[in-house]
Asker: 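One structure, as structure tokens, below. Some questions next.
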Amino acid sequence: MKILVQETDFDPGAEIAALHAGQPRVGAVTSFVGLVRDVNEGDAINTLTLEHYPAMTEKSLRGIVDEAMGRWSLLDVTVIHRVGLLNPLDRIVFVGVASGHRGEAFAACEFIMDFLKTRAPFWKKEGTPQGDRWVEARATDDEVAERWQQSSKKDPA
Amino acid sequence: MKILVQETDFDPGAEIAALHAGQPRVGAVTSFVGLVRDVNEGDAINTLTLEHYPAMTEKSLRGIVDEAMGRWSLLDVTVIHRVGLLNPLDRIVFVGVASGHRGEAFAACEFIMDFLKTRAPFWKKEGTPQGDRWVEARATDDEVAERWQQSSKKDPA
Amino acid sequence: MKVKVLYFARLREKFGVESEVLDLPGEHAYVAAIVDMLRKRGDPWAKELGLDAGYRMAVNQTLAGLVTPVQNGDEVAIFPPVTGG
Amino acid sequence: MKVKVLYFARLREKFGVESEVLDLPGEHAYVAAIVDMLRKRGDPWAKELGLDAGYRMAVNQTLAGLVTPVQNGDEVAIFPPVTGG
């Protein structure tokens, strides 16, 4: 398990390779890369500043990954989240999951993202031509995360 | 859209980058990498040979990607599948999906893999210490693919 | 009418044939007519293309069923369930 | 008992405070007691920590609720719903 919170960029290809290199039990690696878009809610985005709660961030991410490892049979997980000042096209977050089979790798990767979005202490501030504004949490993110509690809907067959 | 069937290896990092580089509307890239494991059904795997139906393979993959693009709002999709002789640890398949938001990118990436597994004309032959054997299709793969027909269960919220 | 038939993977090996051209009566038929003709050859054809054998078919590179129409010049493929990915 | 309270993001800016140490009576309390104390300062505290305000809390770096117990030396954080990822 690798969990990093950093200002610097990361290399998705290197992270995916590290999740399976020399590990012949790994049959599937799923990954997610989140990126800064140049438009949000109809307004141009010039910058994105990510604030976090340093003492809690890694603990929170570790808890989410632990829960995923309890739910599915995973071989390795990597989560990297950037903080600080970013621009459109920049990478924000990487989640990679290695497993024997694809169903578990897909479910766990999406689960980790859904919970990261609703539990991990990061906050985004957008710089727009009209000034800076904090991004509002979306109710749909809570609903998506809650569905994992209610059912095994996304569990592999 | 990029669809390749090739004997040579591919570079997941380069493929992910190509799905979002210079595209500031892309907020999410999901990807899947399938790998050759060294054990299957309890037996050691020395080699994996992938046969395909050349005239049909790309047509079939294109049809699957078209269907995904009809179901979800996607910005780009890449599918690469290797054929020929592979060894444990080797990459077999790459599916990458770029979208504005993560829910659609996750759903489409898993959908494409589920249909590739049940519709695209590839066949695996394993080389084991007891000799060569053709991999049997798994009933669970059909069930997983069929669930996409029956419900919007994996659609984003 | 003439139809090209291709076999893949385990079925190609079992039949010992990669492709062949079949000559069927008339100008139109269903895939079922081709399968019937092959089954009449006896084993391994009869066994591998039996009712519970679970083979798959394509006509002109598109997945097909026993009731898919076939006409002169078409390419029909018969193969085991796919196992890629 | 003394409790360190941290504020993040929009709430840090609204309150104009990054962290402070609150002195509460007794040796044990619930998070609710801290929120009550802050609301009594009036706006912007009363407004931002109102019943429908939708703020979030953590005690010792773990997500918490109004009925989570707090004791001397604990670190309590108050912040808007998270928006990372």
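Computed over heavy atoms, backbone and side chain alike; hydrogens, waters and symmetry mates excluded. The structure presented is a predicted model; accordingly, all values stated were derived computationally and were not measured. Throughout, protein chains are lettered first and strands after them, A, B, ... in sequence-line order, and every chain is numbered starting at 1.
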Asker: Of the backbone (N, CA, C, O) and the side chain (C-beta and beyond), which part of B:Arg133 lies under 4.5 Å from a heavy atom of chain C, both, or neither?
Answerer: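 No part of it gets close to chain C.
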Asker: Applying ring-ring contact (aromatic ring centres under 6.0 Å, His included), name anything that partners B:Phe106, two or more places apart in sequence or on another chain.
Answerer: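 Listed in chain order: A:Phe32.
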Asker: Heavy-atom count around B:Glu7 CD within 6.0 Å, excluding the residue itself: above 12?
Answerer: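 Open.
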Asker: Is the number of heavy atoms from other residues, nucleotides or ligands under 6.0 Å of C:Tyr55 OH greater than 12?
Answerer: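 For C:Tyr55, atom OH is crowded (more than 12 foreign heavy atoms under 6.0 Å).
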Asker: Looking only at heavy atoms, which two atoms of B:Lys124 and C:Thr83 are closest? And how far apart?
Answerer: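 Of all heavy-atom pairs spanning B:Lys124 and C:Thr83, the closest is N-OG1, 2.9 Å.
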Asker: Ignoring hydrogens and angles, tell me if any N or O in the side chain of B:Trp123 forms a donor-acceptor pair with the backbone of C:Phe8 under 3.5 Å.
Answerer: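 Here the side-chain-to-backbone pair does not exist.
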Asker: Which one wins on heavy-atom pair count under 4.5 Å against chain C: B:Met113, B:Arg138, B:His81, B:Glu136?
Answerer: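 The answer is B:His81.
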Asker: So for C:Ala58, is it side chain, backbone, both, or neither that comes closer than 4.5 Å to the heavy atoms of chain B?
Answerer: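 Just the side chain, heavy atoms under 4.5 Å.
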Asker: Anything in residues 34-45 of chain B with a heavy-atom distance to chain C below 4.5 Å? Please list those residues in order.
Answerer: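 The residues closer than 4.5 Å to chain C amount to none at all.
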Asker: Just how far is it from atom CZ of C:Arg12 to atom OH of B:Tyr53, taken to the nearest 0.5 Å?
Answerer: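 Between atom CZ of C:Arg12 and atom OH of B:Tyr53 there are 14.0 Å.
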Asker: Is B:Ala55 in contact with chain C via its backbone, its side chain, both, or neither, using a 4.5 Å heavy-atom distance?
Answerer: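 Contact with chain C involves both backbone and side-chain atoms of B:Ala55.
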Asker: Does any heavy atom of chain C fall under 4.5 Å from the side chain of B:Thr118, the backbone, both, or neither of them?
Answerer: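 Interface part for B:Thr118: backbone (N, CA, C, O).
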Asker: Report yes or no: does B:Lys125 contribute a side-chain atom to a donor-acceptor pair with the main-chain N or O of C:Arg10 at less than 3.5 Å?
Answerer: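 Flag not set: sc B:Lys125 to bb C:Arg10 has no pair under 3.5 Å.
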Asker: Which residues in residues 15-28 of chain C have any heavy atom lying under 4.5 Å from a heavy atom of chain B?
Answerer: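 Those residues of residues 15-28 of chain C which would need a heavy atom under 4.5 Å from chain B do not exist here.
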Asker: Under a 3.5 Å distance rule, please check whether B:Glu51 uses its side chain to pair with a backbone N or O of C:Ala9 as donor and acceptor.
Answerer: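 Present.
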Asker: Given heavy-atom pairs under 4.5 angstrom as the criterion, report whether the side chain, backbone, both or neither of B:Asp142 touches chain C.
Answerer: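 Side chain only.
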Asker: Taking only heavy atoms into account, what residues of residues 23-30 of chain B are found under 4.5 Å from chain C?
Answerer: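 Residues in range: none.
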Asker: Can you measure from NZ (B:Lys59) to CG (C:Asn60) and round to the nearest 0.5 angstrom?
Answerer: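 If we round to the nearest 0.5 Å, B:Lys59:NZ and C:Asn60:CG are 6.5 Å apart.
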Asker: Which heavy-atom pair separates B:Ala137 from C:Val82 by the least distance, and what is that distance?
Answerer: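 For B:Ala137 versus C:Val82, the nearest heavy atoms are CB-O, 3.9 Å.
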